[in-house]
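Quick notes on the structure that follows.
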Amino acid sequence: MTPSSAAPAFPTFGLQRDAHGRLVLTLADGTVHEAVTPVRAFPIAAPGEGLSLVGQHGHELLWIDRLDRVEPALRALIEDELAAREFVPTITRIEAVSSFTTPSTWTLETDRGPAKLVLKGEEDIRRLGSRSALLIASADGVQFRVPDVAALDRASRRLLERFL
């Protein structure tokens with residue numbers, strides 16, 4: 001076994017929930033931190049890369065380069081906590097748009113069920129890393145994601161193109 005293969009792919013740590021459902025982090029040196037919050041460095045562009053476990057006073061306690069290298073049981077705890085904190089529905093279909101001028105109300109199908117969003121202006125539609133991924137901000141502050149415009153049905157793409 002080479003020295004590099006003996007090293008863990010991620011820092012050694014323990015994670016569990018306390019009686020109140022909050023995350024408790026135990027570091028390799030034995031220090032325990034209560035009420036830990038996972039925070040993604042790049043939640044939209046690279047959700048599985050760069051994650052920090054932050055203490056209750058806002059200081060980073062542990063950096064995780066890649067979430068997929070974390071032990072499955074610990075990763076499940078982190079992902080559950082992230083799912084409770086992050087709400088970014090993915091648009092699967094655009095049913096209707098009230099007007100092709102802004103503000104307009106969009107009727108949507110998302111991975112979280114039916115939804116409506118009010119688009120204040122075209123500037124609330126942002127292209128992400130690749131030109132085919134979008135992030136759309138609703139007037140009420142909810143962010144909606146379109147991971148790949150080309151994956152939408154033809155009618156949805158036509159409605160969306162009127163705003164791009």
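Quick note: numbers below take in every heavy atom, side chains included, and nothing from hydrogens, waters or symmetry partners.
Leu159 and Val118 fall into different hydrophobic clusters, where Ile, Leu, Val, Met, Phe, Trp and Tyr side chains are chained together by heavy-atom contacts under 4.5 Å. No single ILVMFWY cluster, assembled from side-chain heavy atoms under 4.5 Å apart, contains both Val32 and Leu74. Placement of Leu164 and Val97 within a single hydrophobic cluster is found when ILVMFWY residues are connected by side-chain heavy-atom separations under 4.5 Å, directly or transitively. Cluster membership for Leu27 and Val70, using ILVMFWY side-chain heavy atoms within less than 4.5 angstrom, is shared. Follow the hydrophobic side-chain contacts under 4.5 Å out from Leu67 and you never reach Val54; the two are in separate clusters.
A 4.5 Å side-chain heavy-atom check between Val146 and Ile125 finds every atom pair outside the cut-off. The closest side-chain heavy-atom distance from Glu161 to Arg157 is below 4.5 Å. Using a 4.5 Å heavy-atom cutoff, the side chains of Leu51 and Leu82 are in contact. In this structure the side chain of Arg127 reaches within 4.5 angstrom of the side chain of Leu134, judged on heavy atoms.
Not one N or O on the side chain of Ser138 forms a donor-acceptor pair closer than 3.5 Å with the backbone of Leu117. Using a distance-only test at 3.5 Å, with no hydrogens or angles considered, a donor-acceptor pair links the side chain of Thr92 to the main chain of Glu109. With Asp124 contributing its side chain and Leu119 its backbone, the two residues share no donor-acceptor pair below 3.5 Å. Panel note: side chain Arg75, backbone Asp68; a donor-acceptor pair is recorded below 3.5 Å.
Taking both residues in full, the closest heavy atoms of Lys116 and Thr107 are given as NZ-OG1, 3.3 Å, listed atom of the first, atom of the second, then distance. In terms of heavy-atom proximity, Ala115 sits nearest to Thr110 at CB-CG2, 4.1 Å.
Residue Arg22 qualifies as enclosed at atom CZ: its count of foreign heavy atoms under 6.0 Å is above 12. For CD of Glu34, the number of neighbouring non-hydrogen atoms (other residues, nucleotides, ligands) closer than 6.0 Å is 12 at most. Within a 6.0 Å sphere centred on CZ of Arg112, heavy atoms belonging to other residues, nucleotides or ligands number more than 12.
Put simply, CD on Gln16 and CG on Leu25 are 10.0 Å apart, with the number rounded to the nearest 0.5 Å. Atom-to-atom distance recorded for Leu160:CG and Trp106:CH2 is 5.0 Å, nearest 0.5 angstrom.
For Asp80, there are no salt bridge (charged side-chain N to carboxylate O under 4.0 Å, His left out) partners, not counting sequence neighbours. Looking at residues two or more places apart in sequence or on another chain, you find a side-chain hydrogen bond (donor to acceptor under 3.5 Å, both in side chains) between Arg17 and Glu81.
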